[in-house]
Amino acid sequence: MYWTSFADFAAMGGYAGFIWPAFAAGLILLGGLALSSRHKLALAERDIAEARREAGRELDRDT
């Protein structure tokens with residue numbers, strides 16, 4: 001399909017009311033997943049660092 005103007009492209013052949021909301025929902029969903037993953041990674045890294053600190057303390061007590 002070829003568009004002669006940006007307005008034709010934005011209209012998406014009359015289906016813009018379905019296409020653009022679906023596109024926006026997809027972007028919002030992907031953005032939310034990225035933020036959630038980043039937050040969970042930070043929590044996991046914090047837990048690992050805490051476990052390593054505690055393991056180091058336990059090694060110091062054993063000697």
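Applying the side chain to side chain contact (heavy atoms under 4.5 Å, CB included) rule to Leu43 yields the partners His39, Arg46; only residues at least two apart in sequence or on another chain are considered. Under the rule for a side chain to side chain contact (heavy atoms under 4.5 Å, CB included), Arg38 has no partner lying at least two apart in sequence or in another chain.
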May I have the list of side-chain donor-acceptor pairs in residues 8-37 shorter than 3.5 Å, sequence neighbours left out?
{"residue": "Asp8", "atom": "OD2", "partner": "Thr4", "partner atom": "OG1", "Å": "2.5"}
{"residue": "Trp20", "atom": "NE1", "partner": "Ala10", "partner atom": "O", "Å": "2.8"}
{"residue": "Ser37", "atom": "OG", "partner": "Leu33", "partner atom": "O", "Å": "2.9"}

